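In each ligand, atom 1 is the first atom listed, and ligand 1 is the first ligand listed. These numbers come from a predicted model, not from an experiment.
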Amino acid sequence: MGLMELKGVSVIFEDKVGLFKKRKFYALKDVSLSMNQGDLLIVLGESGAGKTTLGRVIVGLQKPTSGEVVYDGYNIWKNKRKIFKKYRKDVQLIPQDPYSTLPFNKTVEEILVAPILRWEKINKDELRKRLINLLELVKLTPAEEFLGKYPHQLSGGQKQRLSIARSLSVNPRIIVADEPVTMVDASLRIGILNTLAEIKNRLNLTMVFITHDIPIARYFYHLFDKGNTIVMFAGRIVERADLEEILKDPLHPYTNDLIKLTPSIDNLYKEINVKINYERVEKGCPYRLRCPFAMDICKNEEPKLFKYSHEVACFLYGKVGESE
Ligand SMILES: Nc1ncnc2c1ncn2[C@@H]1O[C@H](COP(=O)(O)OP(=O)(O)OP(=O)(O)O)[C@@H](O)[C@H]1O
């Protein structure tokens with residue numbers, strides 16, 4: 001049993017088709033995964049793949065339509081409030097956009113103190129020590145100088161560091177970092193990734209690292225030289241293995257396309273934002289409309305993840321059970 005498990009989790013949302021009609025779709029479909037203390041899970045996929053929804057499910061902000069979220073052995077949506085509360089403290093999100101998620105009218109000190117006091121009784125001296133430690137951990141130093149500042153007095157990179165400190169303030173065991181450097185100036189990204197990796201190691205955190213950007217995933221991965229990775233498309237896990245294995249030997253046609261388009265991944269990202277709505281398929285493989293290898297079976301059946309050389313959900317490699 002892992003520290004955290006998702007068992008067959010699906011999330012169904014509705015979107016508008018035309019003026020009056022609504023259509024249900026899977027933002028996540030049948031997602032299962034397991035993480036132990038200290039693990040790194042990298043989540044790769046384009047915009048709309050369901051990465052943020054997955055992150056929100058993992059931190060308990062999104063209730064699954066079906067399936068189970070199990071933390072420390074408890075199904076968190078079926079258990080006592082006390083267990084859910086502890087889980088919400090232990091699993092924290094670093095949001096994508098520090099610009100909109102940090103309150104503009106509060107100082108760094110107020111921003112960090114609020115979550116701590118929500119969970120703990122702590123005296124003034126200890127609280128101060130804790131704040132200084134937190135700011136040093138995220139390299140906002142000299143820490144004393146930052147305590148009285150407001151978010152607008154911080155640079156983009158410093159804002160994201162503060163956002164990281166806020167997530168760490170309640171001593172979580174699991175951190176979900178959702179595109180943690182996407183909104184940050186390119187020149188500052190490496191520094192923030194290095195700090196995140198250092199923090200992960202020092203606190204032995206379990207970390208879910210969400211990104212659409214393969215070079216960033218790769219850089220982060222190489223700070224540990226291991227990292228289980230899932231590739232997502234249309235809310236499904238379409239491939240799963242260690243990142244280097246996926247990049248060396250990508251099996252799913254979508255993963256291949258994602259890698260091929262890497263130098264211009266931001267263009268792909270923009271393009272897909274437009275495409276994604278009419279691409280949603282009702283039946284069969286969700287990637288079949290874009291897939292150069294689509295076969296008849298892909299129109300009618302949805303491939304499930306199965307073990308080939310590593311896990312993949314694609315009929316090119318056979319069907320579940322056929323490889324055994
Ligand atoms: N609350 C919601 N109601 C309806 N649809 C939603 C909701 N939240 C997300 N979606 C849709 O679900 C799909 C998956 O969204 P999600 O944000 O999880 O994708 P993503 O991979 O994180 O993309 P991005 O990086 O652009 O955020 C998208 O089509 C999105 O528009």
Side-chain angles (χ1 to χ4, degrees), residues 6 8-33 41-67 69 77 91-101 160 163 175-184 189 207-217 220 229-240 243 246 252 254-255 257-259 261-262 264-282 285-287 289-290 302 313:
L6 263 52
V9 164
S10 295
V11 171
I12 296 178
F13 288 136
E14 274 186 349
D15 62 358
K16 275 190 176 168
V17 233
L19 216 47
F20 303 110
K21 246 177 103 184
K22 283 188 176 163
R23 182 179 53 176
K24 291 190 168 162
F25 71 94
Y26 283 97
L28 286 182
K29 188 168 181 194
D30 202 15
V31 169
S32 295
L33 52 88
L41 175 73
I42 297 171
V43 182
L44 268 180
E46 68 196 24
S47 179
K51 307 181 301 296
T52 294
T53 306
L54 175 66
R56 286 172 54 80
V57 166
I58 292 175
V59 299
L61 288 169
Q62 173 69 51
K63 188 176 181 185
T65 312
S66 59
V69 181
W77 291 101
V91 188
Q92 291 291 321
L93 179 74
I94 300 170
Q96 200 175 119
D97 181 4
Y99 294 85
S100 64
T101 48
Q160 189 56 308
S163 185
I175 285 279
V176 175
D178 186 2
E179 306 266 10
V181 292
T182 305
M183 304 292 286
V184 174
R189 288 180 184 164
M207 191 173 282
V208 181
F209 185 85
I210 298 176
T211 183
H212 69 280
D213 189 317
I214 291 178
I216 282 182
F220 198 64
T229 300
I230 57 179
V231 181
M232 297 192 65
F233 183 78
R236 283 80 163 170
I237 297 178
V238 297
E239 188 156 354
R240 169 161 45 205
L243 183 65
I246 289 185
H252 200 282
Y254 172 63
T255 315
D257 287 346
L258 205 60
I259 293 170
L261 286 158
T262 289
S264 55
I265 194 90
D266 284 326
N267 294 339
L268 168 78
Y269 200 55
K270 277 180 210 134
E271 223 178 275
I272 279 155
N273 268 332
V274 182
K275 268 195 204 163
I276 202 82
N277 279 340
Y278 61 86
E279 252 220 347
R280 227 164 250 148
V281 299
E282 302 279 325
C285 174
Y287 197 57
L289 300 182
R290 276 201 240 164
E302 187 172 332

> If you take all heavy atoms of Ile230 and Leu41, which pair is closest and at what distance?
Replying inline: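 So the minimum-distance heavy-atom pair works out to CG2-CD1, 4.3 Å.
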> What do you reckon, does Ala27 have a nitrogen or oxygen under 3.5 Å from a nitrogen or oxygen of ligand 1?
Replying inline: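 Checking ligand 1 against Ala27, no N or O pair falls under 3.5 Å apart.
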>> Is it the case that ligand 1 has an N or O less than 3.5 angstrom from some N or O of Gly48?
In response: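 Such a contact does occur with ligand 1.
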Distance (rounded to the nearest 0.5 Å) between [X] [atom1] and [Y] [atom2]:
X	Y	atom1	atom2	result
Ser163	Asp97	OG	CG	9.0 Å
Ile210	Ile216	CD1	CD1	13.5 Å
Leu93	Arg56	CG	CZ	8.5 Å
Ile175	Ile58	CD1	CD1	12.5 Å

> Looking only at heavy atoms, is any part of Glu14 under 4.0 Å from ligand 1, and if so is it the side chain, the backbone, or both, or is it neither?
Replying inline: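 The part of Glu14 near ligand 1 is the backbone, not the side chain.
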>> Below a 4.0 angstrom heavy-atom separation, can you tell me which part of Glu46, side chain or backbone, both or neither, approaches ligand 1?
In response: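 Glu46 to ligand 1: backbone contact only, side chain stays beyond 4.0 Å.
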Check each atom of ligand 1 against the heavy atoms of [X] and keep those under 4.0 Å away; list them by number with element.
X	answer
Ser47	23 (O), 24 (P), 26 (O)
Lys51	18 (O), 19 (O), 20 (P), 21 (O), 22 (O), 23 (O), 25 (O)
Ala49	19 (O), 20 (P), 21 (O)
Phe25	5 (N), 11 (C), 12 (O), 13 (C)

Output side-chain donor-acceptor pairs under 3.5 Å for residues 232-240, partner residues at least two apart or in another chain, one line each.
from: Arg236; atom 1: NE; to: Glu302; atom 2: OE2; distance (Å): 2.8
from: Arg236; atom 1: NH1; to: Ala234; atom 2: O; distance (Å): 2.7
from: Arg236; atom 1: NH2; to: Glu302; atom 2: OE1; distance (Å): 3.2
from: Glu239; atom 1: OE1; to: Leu251; atom 2: N; distance (Å): 3.4
from: Glu239; atom 1: OE1; to: His252; atom 2: N; distance (Å): 2.8
from: Glu239; atom 1: OE1; to: Thr255; atom 2: OG1; distance (Å): 2.8
from: Glu239; atom 1: OE2; to: Leu251; atom 2: N; distance (Å): 2.9
from: Glu239; atom 1: OE2; to: His310; atom 2: NE2; distance (Å): 2.5
from: Arg240; atom 1: NE; to: Glu311; atom 2: OE1; distance (Å): 2.8
from: Arg240; atom 1: NH1; to: Ser32; atom 2: O; distance (Å): 2.9

> What do the steps show when you test Gln96 against Thr52 for side-chain contact (heavy atoms from CB on, under 4.5 Å), and what is the final call?
Replying inline: CA-CA 9 Å; Gln96 200 175 119; Thr52 294; 4.3 Å; yes
> Nearest non-hydrogen atom to atom 18 (O) of ligand 1 belongs to which of Thr182, Thr53, Asp178?
Replying inline: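 Residue with the shortest heavy-atom distance to the ligand atom: Thr53.
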>> If the contact criterion is a heavy-atom separation under 4.0 Å, does Gly45 count as touching ligand 1?
In response: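 Not so, Gly45 does not reach ligand 1.
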